[in-house]
Amino acid sequence: MRTERIKIYLVVVGSILFNWLFWNEKMGINTAIYDLFLLAFLFYLYPDARHSSTVRWLLAGHLICLAMIIVHNTLLSKFGFWIT
């Protein structure tokens, strides 16, 4: 029950913070900040996931897509980020 409250709290606080800080901004550094916030709390809530090779490969692909948004900011990089 406590974990469910933490999840709901993090989603609400993270969404409000993201909308408040980055309203009408282009994707880039703001996406990286929000994404790192989400990844940190996902690994906090699911600590066993860090040891899975599948999660590591998906995380590597996700971080590459995030880097491509920062560098290129194209539709393809945004789509790849959204998919991962």
Side-chain angles (χ1 to χ4, degrees):
M1 183 68 178
R2 184 172 188 271
T3 306
E4 294 299 321
R5 279 191 163 166
I6 291 173
K7 290 178 187 177
I8 292 170
Y9 178 72
L10 290 176
V11 168
V12 170
V13 169
S15 300
I16 290 170
L17 184 66
F18 184 75
N19 282 325
W20 179 63
L21 290 174
F22 306 120
W23 185 258
N24 286 333
E25 296 291 329
K26 291 183 179 180
M27 291 177 79
I29 299 297
N30 53 357
T31 306
I33 293 169
Y34 184 66
D35 193 53
L36 293 176
F37 168 78
L38 284 178
L39 289 174
F41 282 106
L42 279 173
F43 285 133
Y44 170 74
L45 292 173
Y46 304 103
D48 295 335
R50 283 182 262 164
H51 306 294
S52 170
S53 64
T54 305
V55 172
R56 288 183 184 178
W57 279 105
L58 289 172
L59 181 62
H62 183 73
L63 293 177
I64 289 170
C65 290
L66 179 61
M68 291 303 106
I69 285 178
I70 294 171
V71 173
H72 297 292
N73 201 14
T74 62
L75 184 61
L76 181 62
S77 63
K78 292 175 187 178
F79 182 70
F81 177 79
W82 180 75
I83 291 295
T84 60

Asks: Are Ile33 and Trp20 connected into the same hydrophobic cluster when the rule is that any two of I, L, V, M, F, W, Y join if their side-chain heavy atoms are below 4.5 Å apart?
Replies: yes
Asks: Hey, could you give me the CZ/CG distance between Phe37 and Leu10, rounded to the nearest 0.5 Å?
Replies: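 One gets 5.5 Å once the value is rounded to the nearest 0.5 Å.
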Asks: What's the spacing between Trp82 CH2 and Met27 CE if we round to 0.5 Å?
Replies: 11.5 Å
Asks: Any heavy-atom pair between the side chains of Thr84 and Leu58 that's under 4.5 Å?
Replies: no
Asks: Do Leu39 and Leu63 have side-chain heavy atoms sitting under 4.5 Å apart?
Replies: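 When only atoms from C-beta onward are counted, Leu63 and Leu39 do touch, with a gap below 4.5 Å.
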Asks: Looking at Ala49, is its backbone amide N or carbonyl O close enough to the side chain of Ser52 to form a donor-acceptor pair, meaning the two atoms are under 3.5 Å apart?
Replies: no
Asks: If I take atom OH from residue Tyr9 and atom CZ from residue Phe41, how far apart are they, to the nearest 0.5 angstrom?
Replies: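 Reported value, rounded in 0.5 Å steps: 9.0 Å.
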Asks: What residues form a ring pair (Phe, Tyr, Trp, His ring centres under 6.0 Å) with His62, not counting sequence neighbours?
Replies: Phe81
Asks: Taking Asn30 for its side chain and Gly28 for its backbone only, find out whether a donor-acceptor pair lies under 3.5 Å.
Replies: yes
Asks: Please report the shortest heavy-atom distance between His51 and Arg56, naming the atom on each side.
Replies: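 Taking His51 first and Arg56 second, the nearest heavy atoms are CA-NH2, 4.0 Å.
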Asks: To check you understand the geometry: which heavy-atom pair defines the closest contact between Tyr34 and Gly14, and what is its length?
Replies: CE1-O, 3.3 Å
Asks: Grouping I, L, V, M, F, W and Y whenever their side-chain heavy atoms are under 4.5 Å apart, do Leu45 and Leu17 come out in a common cluster?
Replies: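 As far as the 4.5 Å side-chain criterion goes, Leu17 and Leu45 are connected within one cluster.
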Asks: Rounded to the nearest 0.5 Å, what separation is found between the CG atom of Leu59 and the CZ atom of Arg50?
Replies: 11.5 Å
Asks: Quick check: is Leu38 connected to Tyr44 through a chain of hydrophobic side chains (ILVMFWY, heavy atoms under 4.5 Å apart)?
Replies: yes
Asks: Return the set of residues passing ring pair (Phe, Tyr, Trp, His ring centres under 6.0 Å) with Phe43 (not counting sequence neighbours), or none when no residue passes.
Replies: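 Ring pair (Phe, Tyr, Trp, His ring centres under 6.0 Å) list for Phe43, sorted by chain: empty.
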Asks: Scan Leu66, Asn73, Leu36 and name whichever one has a side-chain contact (heavy atoms from CB on, under 4.5 Å) with Thr31.
Replies: Leu66
